[in-house]
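Both ligands and their constituent atoms are indexed starting at 1 by order of listing.
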Amino acid sequence: MAGQAIAAVLGILLALALLEPAAAAGMKFTTHDLRSEKAVRQLYERWCKHFKVVRKQEEKVHRFANFNQTVHDVASRTVRVADEPLRLNGFADATWAELEACRCRMTPEGRRNLAPVPVKRRGGDGNLTLPDSIDWASRICGQGLPCISPVRNQLLCGSCWAFAATAAIESHLAIRPEVSIIVQLSEQELVDCDHASHGCNGGLAIKAFNYIKQNGIASRQNYPYRTFPRENGTCLARTTPRTNMTMIGWTQLEPHNEYELLAQVTYAPVVVAISIGVNNTEFKRYAGGMYRGKCGTKIDHELLLVGYDPDSYLLKNSWGQSWGDFGYLSLPRTHNCGILERGGSYPVMGWD
Ligand SMILES: *[C@@H]1O[C@H](CO)[C@@H](O)[C@H](O)[C@H]1NC(C)=O
Ligand SMILES: *[C@@H]1O[C@H](CO)[C@@H](O)[C@H](O)[C@H]1NC(C)=O
Ligand SMILES: *[C@@H]1O[C@H](CO)[C@@H](O)[C@H](O)[C@H]1NC(C)=O
Ligand SMILES: *[C@@H]1O[C@H](CO)[C@@H](O)[C@H](O)[C@H]1NC(C)=O
Ligand SMILES: *[C@@H]1O[C@H](CO)[C@@H](O)[C@H](O)[C@H]1NC(C)=O
């Protein structure tokens, strides 16, 4: 019990350390910032300020070593095109444990009892010409608000599946002009109550869709995300009001069919799965621009596909706005971390 309490306190401290800072894209630096240890320390101070990171003095001592390694790795490993700048994101002084904690173990088991709604083919039989590009993240939907809800932070919890599911439904609710509801749904309810998945130890967005179809879901305001991973969180669904929306099911697109996936995205965003891989520091340190780092070999992360252009997929992640391009990822279509392997899924709302 005492051990648990200590673990809980440590967890809270870690979580506080990673609390989402104000919106910030990657922070630029140059190799000149690495000319001496003093210069790197100055860079660390600048980084703390840029991402509004507050560290205790003794914490800075061990985190500086992480930071130092990050900046040297980024400077030496980044595959650069022309004079693309070197950039740091908000994870530059994170520990190994922190970097690994937000990977999602995807559990393919237990899909048999899930019943998808048949695919409504958006692109005819492959005979429609799709637009060259689409970007839901830059569009305005009903009530003059963005079609895509703000980027969130799953913190030290493998709950990407819950964030991908809520992000998808929120976008579908915002996009339909005749209904256009702006609401933010509770990932914490899914973590605590959807026992088909495994809370902070991973899960699947389609299971979350199934849960929401059966139980509805609370708003984020009524059932907020706690900043500590509570694997055994008490489920509060019964005492928390449901949001006013109807989901009739969800659809699973077939794997390895890019045309179907893109055709669907022209209609609304889709949950997709990719492979990051264990210890993929390049991915964790991604700070905007086209991602050119490595991928893993096993699917381990879910996120929301919100657009594409001829060269890339545009994805909304759930690692806060200090990661990537204000929380978004541009993944090359030719080097796509297995994005087509699982095919993609999306919620089917009452009016679809
Ligand atoms: C910073 O990293 C460089 C390159 O790995 C290394 O040579 C140097 O000793 C490190 N400095 C500190 C203070 O950790
Ligand atoms: C696409 O193919 C389907 C089935 O063959 C057909 O019904 C539809 O009219 C075609 N659409 C266009 C735009 O050609
Ligand atoms: C969490 O659940 C596990 C497995 O059911 C159990 O062994 C453990 O004691 C629980 N922890 C708490 C704090 O309830
Ligand atoms: C729920 O949504 C329906 C359909 O959009 C609307 O008619 C109704 O007024 C809403 N109810 C509440 C309590 O907001
Ligand atoms: C990941 O990196 C950590 C720290 O360097 C190391 O201890 C661990 O063995 C690595 N895991 C794998 C699977 O490479």
Protein non-hydrogen atom found under 4.0 Å from atom 11 (N) of ligand 1: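 Yes, there is a protein heavy atom closer to it than 4.0 Å.
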Per atom 2 (O) of ligand 1, closest listed option by heavy atom (Asn68, Val40, Leu34, Val71):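 Nearest heavy atom to atom 2 (O) of ligand 1 lies in Asn68.
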Closest to atom 13 (C) of ligand 1 (judged by heavy-atom distance), picking from Gln69, Glu37, His72: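 Minimum heavy-atom distance to atom 13 (C) of ligand 1 goes to Glu37.
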Carboxylate-amine/guanidinium contact Arg226 Asp192, below 4.0 Å: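 Between Asp192 and Arg226 there is a salt bridge, with a charged N closer than 4.0 Å to a carboxylate O.
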Carboxylate-amine/guanidinium contact Arg55 Glu45, below 4.0 Å: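 No.
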Within the 6.0 Å centroid threshold, strictly below: Tyr346 and Trp250: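 Judged by ring-centre distance (under 6.0 Å), Tyr346 and Trp250 do not meet the cut-off.
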Check: Asp309 side chain, Ser133 main-chain N or O, donor-acceptor pair, under 3.5 Å: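 Between the backbone of Ser133 and the side chain of Asp309 there is no qualifying donor-acceptor contact (under 3.5 Å).
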